[in-house]
Chemist: 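Here's a structure for you.
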Amino acid sequence: QVQLVESGGGLVQAGGSLRLSCAASVRTFSSAAMGMGWFRQAPGKEREFVATITWSGSSTSYADNVKGRFTISRDNAKNTVYLQMNNLKPEDTAVYYCAGSRFSGLGYRSAEYDYWGQGTQVTVSS
């Protein structure tokens, strides 16, 4: 069983930055060959895709509304995936979830992921 634990959320003013971390409790992150993703869910809205990264970290992809502002990365030696969020906007306010997939490639839909973290709140004030 893989457990994912997010951290790094908080309250920030518009234009500010946050870095989210997702620590995976798997013996060897890289050997698990897990594709990883970040999703978010705002109050009253459906969960939406934010970013995804392959198990090797060689490929990434982003939702159009965060492209150029957010960066997903991973450190397999530390069993951790990151989401660097810059130039935050009030519309970025949501609970952010880390997700892991037994598929090693990019994943854009919630159904493609097998493991989920508990979420971390990000609030951007105007």
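What you see is a predicted model, and the numbers here were worked out from it, not measured in a lab.
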Chemist: Just by distance, do the side chain of T80 and the backbone of K78 share a donor-acceptor pair under 3.5 Å?
Modeler: yes
Chemist: Between D114 and R102 (side chain of the first, backbone of the second, donor and acceptor by atom type, cut-off under 3.5 Å), is there such a pair?
Modeler: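 Yes, D114 side chain to R102 backbone: donor-acceptor pair under 3.5 Å.
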Chemist: Does the side chain of E112 pick up a donor-acceptor pair with the side chain of S110 at under 3.5 Å?
Modeler: no
Chemist: side-chain contact (heavy atoms from CB on, under 4.5 Å), that's the test. Do Q84 and S17 meet it? Break it down for me.
Modeler: CA-CA 8 Å; Q84 177 67 44; S17 299; 4.0 Å; yes
Chemist: Please assess D64 against K67 for the test salt bridge (charged side-chain N to carboxylate O under 4.0 Å, His left out), listing each intermediate value before the final yes or no.
Modeler: CA-CA 5 Å; D64 287 343; K67 198 173 295 182; 3.2 Å; yes
Chemist: Please report the interatomic distance CZ(F70) to CG(D92), rounded to the nearest 0.5 Å.
Modeler: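 Between F70 CZ and D92 CG, I get 4.0 Å after rounding to 0.5 Å.
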Chemist: Are W116 and V50 in one and the same hydrophobic cluster, where Ile, Leu, Val, Met, Phe, Trp and Tyr link if side-chain heavy atoms are under 4.5 Å apart?
Modeler: no
Chemist: Should we count CD of Q118 as having more than 12 external heavy atoms under 6.0 Å?
Modeler: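 Counting other residues, nucleotides and ligands, CD of Q118 exceeds 12 neighbours.
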Chemist: Have S25 and Y115 got a donor and an acceptor in their side chains that come within less than 3.5 Å?
Modeler: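 No donor-acceptor contact under 3.5 Å links the two side chains.
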Chemist: Do V66 and V12 share a hydrophobic cluster, counting only Ile, Leu, Val, Met, Phe, Trp and Tyr and linking them when any side-chain heavy atoms are less than 4.5 Å apart?
Modeler: yes
Chemist: Any sub-3.5 Å donor-acceptor pair from T52's side-chain atoms to G107's backbone N or O?
Modeler: yes
Chemist: Passes side-chain contact (heavy atoms from CB on, under 4.5 Å), R74 versus W55? Steps please.
Modeler: CA-CA 8 Å; R74 67 192 294 163; W55 77 270; 4.2 Å; yes
Chemist: Starting at CH2 of W38, measure out to OG1 of T120 and round the result to the nearest 0.5 Å.
Modeler: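 Spacing of CH2 (W38) from OG1 (T120) equals 7.5 Å.
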Chemist: Please name the pair of heavy atoms, one in S126 and one in A14, separated by the smallest distance, quoted to 0.1 Å.
Modeler: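 Heavy atoms of S126 and A14 come nearest at CA-CB, 4.4 Å.
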Chemist: How many angstroms lie between atom OH of Y82 and atom CG of D75, to the nearest 0.5 angstrom?
Modeler: 5.0 Å
Chemist: Any side-chain heavy atom of Q13 sitting closer than 4.5 Å to one from S125?
Modeler: yes
Chemist: Do E48 and N65 touch side chain to side chain, with heavy atoms closer than 4.5 Å?
Modeler: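 Contact flag for E48/N65 side chains = yes.
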Chemist: Could you go step by step and tell me if Q121 and T93 meet the side-chain contact (heavy atoms from CB on, under 4.5 Å) rule?
Modeler: CA-CA 8 Å; Q121 177 70 47; T93 295; 4.0 Å; yes
Chemist: Assess the side chains of Y96 and R40: does a donor N or O sit below 3.5 Å from an acceptor N or O?
Modeler: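 Result is yes, a qualifying pair exists.
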Chemist: Report whether L18 and I53 are members of the same hydrophobic cluster (ILVMFWY, side-chain heavy atoms less than 4.5 Å apart, transitive linking).
Modeler: yes
Chemist: Identify the heavy atoms of G35 and Y113 that sit nearest to each other, and give their distance.
Modeler: O-CE2, 4.1 Å
Chemist: Give me the atom names and distance for the closest heavy-atom approach of A94 to A42.
Modeler: CB-N, 3.8 Å
Chemist: For Q41 and K45, which heavy atoms make the closest approach, and how far apart are they?
Modeler: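 Shortest heavy-atom separation between Q41 and K45 comes out as NE2-O, 3.1 Å.
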Chemist: Do L4 and V2 come within less than 4.5 Å of each other through their side chains, counting heavy atoms only?
Modeler: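 Of all side-chain heavy-atom pairs linking V2 with L4, at least one is under 4.5 Å.
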Chemist: Starting at CG of N86, measure out to OG1 of T71 and round the result to the nearest 0.5 Å.
Modeler: 6.5 Å
Chemist: Would R47 pass as a cation-pi partner of F39, given that its NZ or CZ must be under 6.0 Å from the six-membered ring centre and within 45 degrees of the axis?
Modeler: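 Output no; distance or angle outside limits.
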Chemist: Do V95 and F49 sit in one hydrophobic cluster, given that two such residues count as connected whenever their side-chain heavy atoms are within less than 4.5 Å of each other, even indirectly?
Modeler: yes
Chemist: Checking side-chain contact (heavy atoms from CB on, under 4.5 Å) for the pair V122/L20: CA distance, chi angles, key distance, verdict?
Modeler: CA-CA 9 Å; V122 171; L20 305 183; 4.0 Å; yes
Chemist: Do Y97 and L83 sit in one hydrophobic cluster, given that two such residues count as connected whenever their side-chain heavy atoms are within less than 4.5 Å of each other, even indirectly?
Modeler: no
Chemist: Mind checking the OG-CE spacing from S73 to M36? Nearest 0.5 Å is all I need.
Modeler: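 If I round to the nearest 0.5 Å, the distance is 11.5 Å.
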Chemist: So, does T123 use its side chain to make a donor-acceptor pair with the main chain of L11 at under 3.5 Å?
Modeler: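 Side chain of T123 to backbone of L11: no pair is present.
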Chemist: Any chance you could measure L106, atom CG, to I72, atom CD1, to the nearest 0.5 Å?
Modeler: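 Here the rounded value is 9.0 Å.
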Chemist: Just checking, any donor-acceptor pair under 3.5 angstrom between side chains of S61 and Y108?
Modeler: yes
